[in-house]
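Chain A is the first sequence line, chain B the second, and so forth, proteins listed ahead of strands; every chain is numbered from 1.
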Protein chains: 2
Amino acid sequence: MRKPKTQNKPARVTMMDIAAAAGCSQAAVSFVLNDTPGTRISQQTRDRVWEAARALGYMEKTYTTKASYSGLDNVIGFAVDQLATSPEAIVAIEGARQASWNAGNVLLVTQTLSDPVMEPKAIEALTSGGISALIYMTIYTRQVELPSYVCKLNIPTVLLNCYTADHAFPAVVPSEIAGGQSSTRHLIMHGHHRIATITGEIWMQAAQDRLTGYRRALATADIPFDPELVIEGDWSAGAGYASTMKLLALKEPPTAIFCQNDRTAIGCYEALKDAGLRIPQDMSVVGYDDEEISRHLVPPLTTSVLPHLAMGQWAIEHLNPESTPGKRYPIAKLECSLVKRHSVAAPRAEARQILDGAYTSP
Amino acid sequence: MRKPKTQNKPARVTMMDIAAAAGCSQAAVSFVLNDTPGTRISQQTRDRVWEAARALGYMEKTYTTKASYSGLDNVIGFAVDQLATSPEAIVAIEGARQASWNAGNVLLVTQTLSDPVMEPKAIEALTSGGISALIYMTIYTRQVELPSYVCKLNIPTVLLNCYTADHAFPAVVPSEIAGGQSSTRHLIMHGHHRIATITGEIWMQAAQDRLTGYRRALATADIPFDPELVIEGDWSAGAGYASTMKLLALKEPPTAIFCQNDRTAIGCYEALKDAGLRIPQDMSVVGYDDEEISRHLVPPLTTSVLPHLAMGQWAIEHLNPESTPGKRYPIAKLECSLVKRHSVAAPRAEARQILDGAYTSP
DNA sequence: CGTTTCGGCTAATTAATATTAGCATCTATC
DNA sequence: GATAGATGCTAATATTAATTAGCCGAAACG
């Protein structure tokens with residue numbers, strides 16, 4: 001099985017090759033690649049070694065054991081920070097599985113929990129098994145710093161629902177701005193002019209983007225932005241309830257509320273029920289995330305589906321084996337499509353009149 | 001880092017050790033373990049080598065790369081047939097994670113989909129990464145045949161929600177009989193005598209067991225079993241609706257219905273609503289599975305939680321490193337605890353009178 | 001009864017990596 | 001400006017596993 005006999009060409013990249021390329025000894029390469037403690041190697045040499053290893057496509061233990069010839073080429077690692085807390089990760093995994101199915105690829109999933117001690121272990125467990133590609137996902141859309149061990153060897157890597165500052169890897173995230181925009185536009189197209197929104201925790205990227213989308217939709221429809229109609233929530237049903245109450249207490253309450261996630265919408269529903277208002281006749285509501293429960297609310301909630309299935313597929317499709325050092329990838333954005341259910345209707349005639357009046361005669 | 005210097009004790013199991021134990025050469029061990037094609041080794045020797053390897057706890061590529069000292073001993077493989085179709089797998093994984101967390105173990109999850117070509121690949125991907133233990137889970141409780149590649153090296157293996165005919169591995173399943181029994185008993189304790197049940201697809205173990213529990217609870221309370229009150233469903237809401245309608249059409253309709261899963265209960269709710277009956281005043285209902293939605297039904301559904309979290313923990317706790325060939329393990333059963341919500345009440349006085357009368361004067 | 005063949009294995013070799021010991025070179029210190 | 005440490009690395013060695021070549025005995029064959 002081992003190709004290089006005595007006089008043959010290398011056929012496999014060995015530490016010797018790297019040493020030659022990096023201009024140092026095999027021992028040094030071993031030290032660097034294994035990060036052996038207690039050895040003094042300058043950062044420059046370390047960099048050169050890693051670069052050479054990457055460039056030559058060095059794979060650990062290529063020669064050892066059967067790993068190389070037992071078909072393990074087709075294992076794709078999938079690291080996610082949280083698996084159990086929300087269904088998105090599962091959906092993304094399913095998308096990745098579907099996309100890699102016909103190619104006969106196997107997915108190996110692990111949870112990092114963003115724990116500084118567990119994450120390296122988890123990724124190590126993945127990579128040391130000889131994966132041929134890595135998908136790195138976070139539950140919340142955010143910027144991440146890929147630890148060095150992720151990009152150690154040049155396995156193709158794709159970021160799912162996150163991105164790095166240097167854009168060194170292909171990355172895909174939901175298009176939250178477009179999502180916020182289409183949700184709001186949906187309400188506008190039903191004839192609403194006075195549309196409130198209850199945001200999530202505003203420091204989160206998703207909340208900011210959905211709000212941006214909201215403002216954009218208003219602007220596109222030439223509806224002036226009214227800060228009074230934006231209430232800062234925190235993704236929770238409780239905040240949804242309180243925020244809705246605040247909106248209802250306004251001198252000119254809205255005729256529609258864009259809740260920036262479904263849990264907020266649940267609180268919103270409660271508040272409207274307590275206030276004696278009917279959905280959608282007296283108040284239209286849209287949610288976001290398309291959680292399971294939104295199908296079972298009365299009336300069923302119009303909301304946006306997070307495109308995690310598509311993101312999983314996208315990730316698989318963009319696992320390019322060619323490693324182009326220094327290349328920069330734009331962040332791909334996939335659409336959050338609106339699923340229309342029964343929580344949106346045209347504003348009541350009188351309300352519309354009043355509001356139209358308010359606009360025409362300031 | 002490598003312990004055995006020239007004169008030291010082995011500290012790691014090497015092919016030499018196996019060769020000594022099996023009474024052959026290191027080369028022979030290499031041939032056997034790698035299944036090198038084109039070599040002639042008798043079956044007896046192969047067996048001896050594997051046995052010795054198992055007994056000594058040989059781990060592939062122990063010496064090579066950092067695998068040995070980077071904590072890869074603590075990787076636990078988790079193979080499940082379906083990941084996305086239902087939340088149970090996730091819950092079990094979470095249980096396993098929690099239980100192995102403090103020990104610093106990493107979980108590596110893969111999906112087999114019960115596909116004859118994917119499953120070997122998936123498990124191979126897991127094992128070749130050097131896992132130290134394997135948990136094998138199925139979504140539906142059932143008997144499985146562990147393919148040979150699962151038990152190749154003596155990594156401790158536990159079966160979750162499934163079991164083998166030969167009981168060669170520790171296995172844990174939910175105690176469905178006890179669950180059916182306690183659900184029914186709960187209704188009996190509220191004063192119900194005429195209790196119907198809508199089963200799942202009866203060929204499934206779970207459906208049979210839940211029915212058995214139902215009958216046992218009746219027997220314990222000295223309530224005669226009435227086949228008229230058992231309707232065969234198929235786990236679907238549609239069947240729940242139809243079955244409930246059938247029950248309501250009975251000459252002596254029940255005062256309580258034990259739906260053997262939550263989806264059935266949803267159909268049951270619908271049917272009762274359509275029939276103008278109130279829950280729980282006119283009809284008590286209990287479900288099974290504690291799906292997310294049962295919390296949001298009106299009234300919230302009393303149901304049983306599948307103990308998948310506990311099963312995940314149990315699995316981790318029973319990953320005994322000691323391999324006792326030929327040992328037989330009993331199948332462990334974990335309780336499905338009843339979560340009481342608002343779908344059960346005492347039967348209405350008149351109904352109770354009628355029924356009591358029916359019993360006392362046959 | 002000698003010879004061939006082949007199954008079943010081992011010894012010896014080779015390839016690869018890990019690790020130890022130590023050699024330069026630089027740097028700060030007295 | 002000698003010297004004691006670091007610092008940064010390499011040569012040599014050790015360990016392990018894969019592979020080749022070939023030995024030995026038994027069965028098959030003439």
Side-chain angles (χ1 to χ4, degrees), chain A residues 1-50 52-53 56 58-70 128 130 153, chain B residues 1-50 52-53 56-70 72 128 130 153:
Chain A
M1 287 302 133
R2 195 126 104 277
K3 265 53 149 298
K5 291 182 62 172
T6 305
Q7 76 297 348
N8 255 358
K9 295 135 213 170
R12 302 276 163 206
V13 177
T14 148
M15 285 195 181
M16 293 292 199
D17 302 324
I18 299 173
C24 64
S25 68
Q26 172 266 322
V29 175
S30 174
F31 292 146
V32 172
L33 261 40
N34 292 315
D35 212 6
T36 313
T39 52
R40 309 278 124 190
I41 306 282
S42 71
Q43 195 53 51
Q44 305 162 34
T45 305
R46 286 177 190 276
D47 292 346
R48 277 208 319 282
V49 167
W50 276 116
L56 296 173
Y58 176 75
M59 285 280 305
E60 309 187 44
K61 58 195 148 28
T62 301
Y63 92 99
T64 309
T65 70
K66 51 192 158 188
S68 45
Y69 54 85
S70 73
S128 77
L153 269 352
Chain B
M1 290 298 132
R2 195 127 105 278
K3 265 60 147 294
K5 290 184 59 173
T6 304
Q7 76 298 346
N8 254 358
K9 295 135 212 169
R12 301 275 164 207
V13 178
T14 144
M15 285 196 179
M16 292 291 200
D17 301 324
I18 299 173
C24 64
S25 69
Q26 174 262 323
V29 174
S30 173
F31 291 146
V32 172
L33 260 41
N34 292 314
D35 212 6
T36 313
T39 52
R40 305 283 146 65
I41 305 284
S42 71
Q43 195 54 51
Q44 305 163 35
T45 306
R46 285 177 190 277
D47 292 346
R48 279 206 320 281
V49 168
W50 275 113
L56 295 173
Y58 176 74
M59 287 277 306
E60 310 187 44
K61 58 193 149 33
T62 302
Y63 95 97
T64 308
T65 71
K66 48 197 156 181
S68 47
Y69 54 87
S70 73
L72 275 206
S128 77
L153 262 357

Novice: Measure from the side-chain heavy atoms of B:F31 and tell me the nearest of C:dA16, D:dC9, D:dT20.
Specialist: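 Nearest to the side chain of B:F31 among the choices is D:dT20.
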Novice: Considering only heavy atoms from C-beta outward, does the side chain of B:T14 approach that of B:D17 to under 4.5 Å?
Specialist: yes
Novice: Quick one: is B:S42 getting a side-chain N or O under 4.0 Å of the C:dC9 phosphate, OP1 or OP2?
Specialist: yes
Novice: Which part of the nucleic acid does B:T45 contact within heavy-atom distance under 4.0 Å: base, sugar-phosphate only, or nothing?
Specialist: sugar-phosphate
Novice: What is the distance, to the nearest angstrom, from the CZ atom on B:R46 to the P atom on C:dC9?
Specialist: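 Taking atom P of C:dC9 as the reference, CZ of B:R46 is at 9 Å.
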Novice: Can you find an N or O donor on one side and an acceptor on the other, under 3.5 Å apart, linking the side chain of A:Q26 with the base of C:dA18?
Specialist: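 Result: at least one qualifying N/O pair found.
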Novice: Return no unless some side-chain N or O of B:R40 is found under 4.0 Å from OP1 or OP2 of C:dG8.
Specialist: no
Novice: For B:I18 and C:dC9, what is the distance between atoms CD1 and P respectively, to the nearest whole Å?
Specialist: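 After rounding, the reported distance stands at 16 Å.
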Novice: Do A:I18 and A:V32 come within less than 4.5 Å of each other through their side chains, counting heavy atoms only?
Specialist: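 Of all side-chain heavy-atom pairs linking A:V32 with A:I18, none is under 4.5 Å.
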Novice: Please report, rounded to the nearest Å, how far the P atom of D:dT15 is from the CG atom of B:D17.
Specialist: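 About 13 Å, once rounded to whole Å.
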Novice: Taking atom C1' of D:dG8 as reference, at what distance in whole Å does atom CG of A:D47 sit?
Specialist: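 Distance check: A:D47 CG to D:dG8 C1' gives 15 Å.
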Novice: Between B:L33 (CG) and C:dC9 (P), how many Å, whole number?
Specialist: 15 Å
Novice: Determine the contact category for A:S30: base if any of its heavy atoms lies under 4.0 Å from a base atom, sugar-phosphate if only primed atoms, P, OP1 or OP2 are that close, otherwise nothing.
Specialist: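 Contact class for A:S30: base.
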Novice: So, is A:T39 close to the D:dG8 phosphate, meaning a side-chain N or O under 4.0 Å from OP1 or OP2?
Specialist: no
Novice: Decide if atom CD of A:Q44 counts as having more than 12 heavy atoms of other residues, nucleotides or ligands within a radius under 6.0 Å.
Specialist: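 Counting neighbours around CD of A:Q44, 12 or fewer heavy atoms of other residues, nucleotides or ligands fall under 6.0 Å, so no.
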Novice: So, A:R48 side chain and A:A22 main chain: donor-acceptor pair closer than 3.5 Å or not?
Specialist: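 Yes.
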Novice: Over how many whole Å does the gap from A:M16 atom CE to C:dT14 atom C1' extend?
Specialist: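 Result: 13 Å.
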Novice: In this structure, which one of B:T45, B:V49, B:T39 forms a side-chain contact (heavy atoms from CB on, under 4.5 Å) with B:F31?
Specialist: B:T39
Novice: When the distance from CE of A:M15 to C1' of C:dT19 is rounded to whole Å, what number comes out?
Specialist: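 A:M15 atom CE is separated from C:dT19 atom C1' by 12 Å.
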